[in-house]
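Keep in mind that this is a model prediction, so the values were computed, not measured. For ligands, and for the atoms within them, numbers begin at 1 and follow the listed sequence.
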Amino acid sequence: MSEMKKIRMGEASFNYSPETAYEKNGNVYCNTCHEQINGEVVNMMGTWMCFRIQCQCEKEEEKRWKERERVMRVNQLKDTCFTNPKQRNYTLDKCLISNEKTIGVVSNYIKKFDEVRKKNVGLLFFGEVGSGKSYLAAAIANAVMEEYEITCKMRNFSQIINDLQSGGFDLDKNRYIDSLVRTPLLILDDLGIERNTPYALEQVYNIINGRSLQGLPTIITTNLSLEDIKNHTESIELKRIYSRVLEMCIPVLVSGADIREQIHKKKIQESRELLL
Ligand SMILES: [Zn+2]
């Protein structure tokens with residue numbers, strides 16, 4: 001690094017590096033953007049001083065730093081949110097669902113998330129297998145993390161039950177449940193549990209009920225029909241879970257062509273274009 005140069009500014013002096021700045025008619029300018037970098041001369045508790053002001057290049061550099069930091073924070077949020085890394089890239093733009101009403105609900109949910117959060121509005125995505133319910137839920141999580149930098153978690157129901165039933169002594173179950181209860185936005189994927197112990201269902205109920213008490217929004221996806229959920233009678237434990245879900249979540253039908261089928265077709269089409 002070359003030596004700093006010093007020039008007088010009225011009662012004060014100003015230091016700059018001749019490698020990055022130059023002096024002209026008593027002021028100092030940036031070599032690159034030619035903006036003035038010396039500020040006004042001010043009196044600080046009896047001493048005259050001249051502080052450096054940011055030029056265009058420095059403002060842009062700062063912006064780039066802030067953006068890099070933001071991307072890092074969002075990546076950390078995504079690490080916590082997803083157990084399936086593919087879901088990090090799911091966005092509403094890339095979504096293959098063409099049902100305008102469904103897409104409208106989802107984009108409003110994202111746009112008005114501050115209010116959604118305040119009013120504790122949840123969503124229940126129902127519809128056939130492969131209709132894109134999990135995709136939509138993951139797309140909401142991605143948008144909420146990117147636009148609001150809010151912590152989200154997306155977990156599969158059977159995974160939770162599996163963890164709780166087979167976690168052994170290593171798993172602190174209360175802490176596990178508590179961490180799901182306290183997550184600002186929780187997505188519970190694939191509700192529709194078949195073989196479960198009353199104990200596991202009790203824990204699932206505790207998670208959902210806990211979120212209701214905390215006033216935190218929950219998004220749930222299920223292959224069950226709305227009728228199945230509304231009119232379930234077989235198990236008291238499930239009935240209790242379902243009725244809580246219906247209190248907390250607005251049902252949204254996700255329908256249309258089989259999204260996996262469409263992805264498959266798109267892939268084949270792309271392969272064709274590549275080779276033929
Ligand atoms: Zn500059």
Verify the ring-centre separation between Tyr29 and His34: is it less than 6.0 angstrom?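 Judged by ring-centre distance (under 6.0 Å), His34 and Tyr29 do not meet the cut-off.
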Do Arg88 and Phe82 meet the cation-pi criteria used here (NZ or CZ under 6.0 Å from the six-membered ring centre, within 45° of the axis)?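 No; the conditions do not both hold, so Arg88 does not lie above the ring face of Phe82.
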Chi angles and distances behind the side-chain hydrogen bond (donor to acceptor under 3.5 Å, both in side chains) call for Asn142, Glu146: CA-CA 6 Å; Asn142 279 315; Glu146 274 162 30; 5.9 Å; no
So, applying side-chain hydrogen bond (donor to acceptor under 3.5 Å, both in side chains) with Arg64, which one of Glu67, Glu60, Glu61, Glu62 is it?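 Of the listed options, the one satisfying the test is Glu61.
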How many protein N, O or S atoms are found at a distance of less than 2.8 Å from the Zn ion (ligand 1)?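 Of the protein's nitrogen, oxygen and sulfur atoms, 4 lie under 2.8 Å from the Zn ion (ligand 1).
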Are Ile236 and Ile208 linked, directly or through intermediate hydrophobic residues, by side-chain heavy-atom contacts shorter than 4.5 Å (ILVMFWY only)?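 Cluster IDs for Ile208 and Ile236 differ.
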Kindly list each side-chain donor-acceptor pair under 3.5 angstrom involving residues 212-222, sequence neighbours excluded, with atom names and distances?
{"residue": "Thr218", "atom": "OG1", "partner": "Arg211", "partner atom": "NE", "Å": "2.8"}
{"residue": "Thr221", "atom": "OG1", "partner": "Asp189", "partner atom": "OD1", "Å": "2.4"}
{"residue": "Thr221", "atom": "OG1", "partner": "Asp190", "partner atom": "N", "Å": "2.7"}
{"residue": "Thr222", "atom": "OG1", "partner": "Leu191", "partner atom": "O", "Å": "2.5"}
{"residue": "Thr222", "atom": "OG1", "partner": "Leu224", "partner atom": "N", "Å": "3.0"}

